[in-house]
Asker: 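First, the structure itself, so that you have it in front of you.
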2 protein chains.
Amino acid sequence: MVKRKTIGSEMPEIARMRQTASSARKPKRRRLDPTEREREIIEGAVAFFAEVGFDGGLRDLAQRIGTTHQNLLRYFPTKEALIERVYEEVYLNRWQPEWEALLHKSDRSLEDRLVAFYEDYLAAIFNYEWVRIFVFAGLKGVDITQRYLGLIQSNIIEPLARELMVSEGKEGKPSPLEMEVAWALHGEMFYLAIRRWVYALDTPQDLGAVIRMSVIRFLEGAPAAMKKVPAAERRGLLPKAL
Amino acid sequence: MVKRKTIGSEMPEIARMRQTASSARKPKRRRLDPTEREREIIEGAVAFFAEVGFDGGLRDLAQRIGTTHQNLLRYFPTKEALIERVYEEVYLNRWQPEWEALLHKSDRSLEDRLVAFYEDYLAAIFNYEWVRIFVFAGLKGVDITQRYLGLIQSNIIEPLARELMVSEGKEGKPSPLEMEVAWALHGEMFYLAIRRWVYALDTPQDLGAVIRMSVIRFLEGAPAAMKKVPAAERRGLLPKAL
DNA sequence: GAGGATAATTGCCGATCGGTCACTAACCTA
DNA sequence: TAGGTTAGTGACCGATCGGCAATTATCCTC
């Protein structure tokens, strides 16, 4: 038999579980309840593709889970179907509809609301799997990332820009300038995740402190910045399609 | 002959150049000066890997350039060697040593210096090839990205934090808190590039205007933010290793 | 314990991968 | 125009890819 290159370093402990105590033989086959096996596959796939990207091979994934690549294809007709399931798992299942409401609760200061939202949001997405899969998918040009960011734009960025306007006594649809300021705050947060999970750089232990600092800087600086940027330049802020 | 899947859509026009006028035959082989061919390969490789990632095949790359994959291997002994050359091309060749000095010129306001620097910096990196290759390399865990970001940290972020301190009348080595504020400004800028070149979202036409707004917001908000974040929390800003 | 249902595996397929080697053809010099 | 140098390519290799079909083994029921 050909020796196979292993991506992960350790043998999957799962695969050892049922092996006979007396010998270090090949691990016995595990016959699981299909729903249980499916979960195992999905979670294994999320971890695996987050690590090596979607070009990772099914055989390596299977070995890590403790099964064979044909078994994966019994549960998902094609690799593409499995990947689609991974998107679903990562994006849809981790989106909290109440986030938008969080930004609107007017019984708390905007500062508190923003801090509360970003603490919640980062708690959901600031992890190895989510961030890397999101970036891998973006590079691949998968349309679900654009739909997700459309959701961010309409449910987070625009409400945020609106709240900023309200606190300035303005109203109506946010201008490109105001949208851009809101994106900037969001970008700060996301870049933290990029630093940590894409480039493996040190990031602060306590995200709460960074969030608070970014939010305060945002509320403190945005009004002045928007006033100071000459009106003549604002036309340049209109989005440019590719 | 087996039909080959093409990544790009159009036939490379180069390959057609010398073909006989009378017939639509197979393009003649082009015998180039080696240095010229090498440049063609390198530039083709940068564009190709930026688009599809480093898992892209040599045959597809070769077809796009208008040659064969064997010819690539005559110029670079292995695929890995070619990729290494791509890193060199993208990172080292586009780094401007004078950037650090730009931040220190004290005859201009800090605002002007920051705007000037980021206009220069984004002019160098805000493009499809640089951004995507940088992200692909980061996900792959290539050490050159960490070296590059180390350069950013010591030559840009820390000087920036120092300038911020000077403008506040402080001096000495920047604290983690001050470093984090500086990273936040940088992150805003880089996230613009991510939005545009990874997620293909609309971004403002005139980067100058966004840069100015971010810089003003930075200078306007940072002092207040750093004062307001309770000292007790600052310990949490200490970087955490992975 | 026997037998059936089905989860899981072994074996295989064509296509494609990076890479080697021997051959072909373009250009320069005489 | 002949010959030599060398840029470029066709044919092929072992390994690996996603996926199909036939086989094996585990668990449940009687």
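Heavy atoms only: backbone and side chains are in, while hydrogens, waters and symmetry mates are out. In what follows, chains carry the letters A, B, and so on, assigned in the order in which the sequence lines appear, proteins first and then strands, with residues in each chain numbered from 1. All values reported here derive from a predicted model rather than from experimental measurement.
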Asker: Decide yes or no, distance alone: a donor-acceptor N/O pair under 3.5 angstrom between the base of dG10(D) and the side-chain of Arg59(B).
Answerer: no

Asker: Taking atom C1' of dT9(C) as reference, at what distance in whole Å does atom CD of Gln63(A) sit?
Answerer: 15 Å

Asker: Can you tell me the distance, in whole Å, between the CG atom of Leu32(B) and the P atom of dA26(C)?
Answerer: 13 Å

Asker: Just the rounded figure in Å: distance from P of dA7(C) to CG of Leu73(A).
Answerer: 15 Å

Asker: Please state whether the base of dG19(C) and the side chain of Gln70(B) form at least one donor-acceptor pair under 3.5 Å?
Answerer: no

Asker: I need the Lys79(A) NZ to Leu61(A) CG distance, nearest 0.5 Å.
Answerer: 9.0 Å

Asker: Indicate yes or no: does Arg30(A) engage Glu40(A) in a salt bridge with an N to O separation below 4.0 Å.
Answerer: yes

Asker: Could you give the CD1-to-C1' distance, from Ile65(B) to dA7(D), as a whole number of Å?
Answerer: 15 Å

Asker: Hey, is the side chain of Arg37(A) poking within less than 4.0 Å of OP1 or OP2 on dA8(C), counting only N and O atoms?
Answerer: yes

Asker: Tell me: CD of Glu36(B) to C1' of dC27(C), nearest whole Å?
Answerer: 14 Å

Asker: Between dT26(D) and Arg30(A), counting only base atoms on the nucleotide and side-chain atoms on the residue, is there a donor-acceptor pair under 3.5 Å?
Answerer: no

Asker: Reading DNA chain C from 5' onward, which residue's closest nucleotide shows up sooner: Pro34(A) or Phe54(B)?
Answerer: Pro34(A)

Asker: For a quick check under 3.5 Å, do Tyr118(A) and His186(A) share a side-chain donor-acceptor pair by atom type?
Answerer: yes

Asker: What contact category does Leu58(B) fall into here, base, sugar-phosphate, or nothing, at under 4.0 angstrom with non-hydrogen atoms?
Answerer: sugar-phosphate

Asker: DNA chain D: Asp33(B) or His69(B), which has the more 5' nearest nucleotide?
Answerer: Asp33(B)

Asker: Between residues 75-88 of chain A and DNA chain D, which residues have a heavy-atom gap below 4.0 Å?
Answerer: Thr78(A), Lys79(A)

Asker: For a quick test of reading the model: is some side-chain N or O of Thr68(A) closer than 4.0 Å to OP1 or OP2 of dT9(C)?
Answerer: yes

Asker: Judged by modelled atom types alone, do Trp183(A) and Gln153(A) share a side-chain donor-acceptor pair under 3.5 Å?
Answerer: yes

Asker: Mind calculating the distance between CZ (Arg74(B)) and P (dA22(C)) to the nearest angstrom?
Answerer: 15 Å

Asker: Could you verify whether a donor N or O on one side chain and an acceptor N or O on the other, from Asp120(B) and Trp99(B), lie under 3.5 Å apart?
Answerer: yes

Asker: Going from CZ on Phe54(A) to CZ on Phe49(A), what distance comes out if it is rounded to the nearest 0.5 angstrom?
Answerer: 7.0 Å

Asker: Nearest whole Å is fine: how far is dT23(D) P from Asn71(A) CG?
Answerer: 19 Å

Asker: Please report the distance, rounded to the nearest Å, between CG in Asp60(B) and P in dA15(C).
Answerer: 16 Å

Asker: For the residue pair Phe136(B) and Phe136(A), is the inter-centroid distance of their aromatic rings smaller than 6.0 Å?
Answerer: no

